[in-house]
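In this text, all values refer to a predicted model and were calculated from it rather than measured experimentally. Just so you know, residue 1 is the first one in the sequence shown, and it goes up from there.
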Amino acid sequence: MLIVKKFGGTSVADKERMFNVANRCIEEYKKGNDVVVVLSAMGKYTDELISKARDMDERPPKREMDMLLTIGEQMSVSLMAMAMHTLGVPAISLNAFQVTMHTTSSHQNARLKRIDTERIRRELDARRIVIVTGFQGVDKYDDYTTLGRGGSDTTAVALAAALHADACEIYTDVDGVYTADPRKVPTARKLKEITYDEMLDLATSGAGVLHNRSVEMAKKYGVPLVVRSSLNNSEGTVVKEVVSVERMLISGVALDTDAVRIAVLGLRDVPGVAFKVFDTLAKKNINVDVILQSIGRSGTKDISFTVNKDDLEDAVATLEEHKDRLGFKELHSERGIAKLSIVGSGMLSNPGVAAKMFESLYNEGVNINMISTSEIRITVLISEKDGVRAMNAVHDAFGLAD
């Protein structure tokens with residue numbers, strides 16, 4: 001069997017945890033399996049690097065940030081190889097150049113294009129554990145790129161797909177996928193299994209367990225995923241196409257506090273205006289989420305939408321730069337907001353789900369600013385200060401408590 005194991009930053013935060021991970025991987029290796037390990041940077045090391053960069057430059061160039069941030073994963077994999085060597089097991093560390101992991105040139109948010117597997121296959125054939133840097137790639141200009149926060153998950157899934165692995169295991173500091181973040185909702189319950197679609201919507205809505213692009217890729221290539229803790233031997237949560245249990249109404253509640261709202265006011269009420277606004281942002285690789293367009297009055301209309309807070313300055317600057325072409329009168333932005341979402345395939349066949357969610361928020365005195373829905377998700381925009389309280393209220397309203 002070929003197994004890909006990914007370990008997050010908290011799992012390799014110090015020497016003790018490094019050796020814990022090394023022993024878990026060696027245990028798998030001694031069963032006769034081929035083992036590929038993907039690592040994130042140790043602990044909060046990425047945050048430290050970001051802080052160092054901003055000491056130098058308040059708005060550092062994205063290319064230089066990628067050059068800097070790749071240090072963290074390279075340190076993790078080399079130290080892990082040393083730990084395994086100490087334990088008497090052959091291992092080798094590889095970075096994005098050595099694999100090679102080819103990506104687009106969108107710095108800080110690159111997408112994987114393909115992976116050359118020859119080097120990894122050669123090392124596995126030599127019965128070595130292969131330890132690969134997560135989160136990073138190489139573009140056509142031979143520059144380092146990074147895949148965005150949580151990108152090591154995507155690296156692991158992409159490797160599992162390219163190598164036709166028998167399993168892809170994502171290890172974190174929690175026991176699996178919960179009905180809500182257990183650090184914010186004490187009564188959250190661990191799920192035995194969840195569908196790709198539900199996991200994708202939860203990840204996109206702010207559940208930090210998995211990178212949303214990793215779930216997207218796992219679904220596309222049919223990669224079997226298991227999310228489990230690196231600190232114990234619990235079974236974890238299986239992410240797959242179809243689950244065998246009776247569908248619950250709601251699978252989970254997610255809170256995203258990384259969103260900001262932008263309002264473009266006084267646009268002309270003519271065909272093609274919305275296309276021009278969002279096409280302008282798309283060309284700058286700015287992702288837009290919740291969108292609300294007002295009813296046109298007096299020949300004008302307003303469009304509000306959310307973007308990630310890291311994209312706020314670029315989004316505002318881009319829109320202001322094209323103000324004359326887009327033809328809007330004012331541009332407003334708002335921080336201090338949060339997206340609260342419920343996700344579940346069960347809501348397809350159960351009317352009144354939205355009403356129950358809105359009732360629970362009303363009972364808590366939480367005001368709703370915007371609403372977005374899909375077949376398996378309802379998202380509302382609320383004040384960030386109400387976020388955790390609203391999350392607990394909705395979680396309880398749908399009977400998700402452990």
J.: Do NZ/NE/NH1/NH2 and the carboxylate oxygens of E193 and K240 come within less than 4.0 Å?
T.: yes
J.: With heavy-atom distances below 4.5 Å as the criterion, would you say the side chains of D143 and H107 are in contact?
T.: yes
J.: Taking atom OG of S93 and atom CZ of R128, what is their separation to the nearest 0.5 Å?
T.: 11.5 Å
J.: Within the structure provided, determine whether L147 and L112 are in side-chain contact (heavy-atom separation under 4.5 Å).
T.: yes
J.: Within the 4.5 Å heavy-atom criterion, are D14 and M42 side-chain neighbours or not?
T.: no
J.: Passes side chain to side chain donor-acceptor pair (under 3.5 Å), R149 versus N308? Steps please.
T.: CA-CA 12 Å; R149 276 302 180 102; N308 187 280; over 6 Å; no
J.: Could you check whether E313 pairs with R59 (Lys NZ or Arg NE/NH1/NH2 to Asp/Glu carboxylate O, under 4.0 Å)?
T.: yes
J.: Assess whether atom CZ of F97 is packed by more than 12 heavy atoms of other residues, nucleotides or ligands within 6.0 Å.
T.: yes
J.: For N95 and T70: C-alpha separation, side-chain torsions, deciding distance, then whether side chain to side chain contact (heavy atoms under 4.5 Å, CB included) applies.
T.: CA-CA 9 Å; N95 69 12; T70 51; over 6 Å; no
J.: Mind running side chain to side chain donor-acceptor pair (under 3.5 Å) on H332 and E330 for me, showing each step along the way?
T.: CA-CA 7 Å; H332 294 168; E330 297 178 55; 3.0 Å; yes
J.: Please determine whether the number of non-hydrogen atoms from other residues, nucleotides or ligands lying under 6.0 Å from atom CD of E27 exceeds 12.
T.: no
J.: Do D139 and T103 have side-chain atoms, one donor and one acceptor, less than 3.5 Å apart?
T.: no
J.: Using distance alone, with no hydrogens and no angle criterion, decide if T179 and H395 have a side-chain donor and acceptor under 3.5 Å apart.
T.: yes
J.: Among side-chain atoms of S234 and N232, is any donor-acceptor pair under 3.5 angstrom?
T.: yes
J.: Do D386 and R389 sit within salt-bridge range, that is, some charged N less than 4.0 Å from a carboxylate O?
T.: yes
J.: Between the side chains of Q136 and T133, is a donor N or O closer than 3.5 angstrom to an acceptor N or O?
T.: yes
J.: I'd like to know whether CD of E64 has more than 12 heavy-atom contacts from other residues, nucleotides or ligands below 6.0 angstrom.
T.: yes
J.: Are any of the side-chain nitrogens in E28 or R24 under 4.0 Å away from the carboxylate oxygens of its partner?
T.: no
J.: E48 and K52: salt bridge (Lys or Arg N to Asp or Glu O under 4.0 Å), yes or no, with the steps?
T.: CA-CA 6 Å; E48 291 176 28; K52 288 179 185 296; 6.0 Å; no
J.: Could you tell me whether the side chain of D166 and the main chain of L2 form a donor-acceptor pair under 3.5 Å?
T.: yes
J.: Do T379 and V290 have side-chain heavy atoms sitting under 4.5 Å apart?
T.: yes
J.: Might you point out which heavy atoms bring E73 and F135 nearest each other, and give the distance in Å?
T.: OE1-CD2, 3.4 Å
J.: Under a 4.0 Å N-O cut-off, is there an ion pair linking D314 with K284?
T.: no
J.: Would you say the side-chain atoms of T145 and R63 include a donor-acceptor pair closer than 3.5 Å?
T.: no
J.: Looking at R54, I want to see if its CZ is surrounded by more than 12 non-hydrogen atoms of other residues, nucleotides or ligands under 6.0 Å.
T.: no
J.: Any non-hydrogen side-chain atom of T318 less than 4.5 Å from a side-chain atom of K283?
T.: no
J.: With rounding to the nearest 0.5 Å, note down the distance linking CG in D396 to CD in E364.
T.: 9.0 Å
J.: Please state whether the rings of F7 and Y171 are parallel, tilted or perpendicular, taking 30° and 60° as the class boundaries.
T.: parallel
J.: Is a salt bridge present between D175 and R228, judged by a nitrogen-to-oxygen distance below 4.0 Å?
T.: no
J.: Would you check if there is a donor-acceptor pair between the side chains of T154 and H211 at a distance under 3.5 Å?
T.: yes
J.: Does any part of the side chain of V36, heavy atoms only, come nearer than 4.5 Å to the side chain of I120, both counted from C-beta?
T.: yes
J.: Can you tell me if M370 has over 12 outside heavy atoms packed within less than 6.0 Å of its CE?
T.: yes
J.: One pair to check against side chain to side chain contact (heavy atoms under 4.5 Å, CB included): V273 and F328. What are the steps and the verdict?
T.: CA-CA 10 Å; V273 169; F328 61 85; over 6 Å; no
J.: So, the side chain of E198 versus the backbone of S345: is there a donor-acceptor pair under 3.5 Å, distance only?
T.: yes
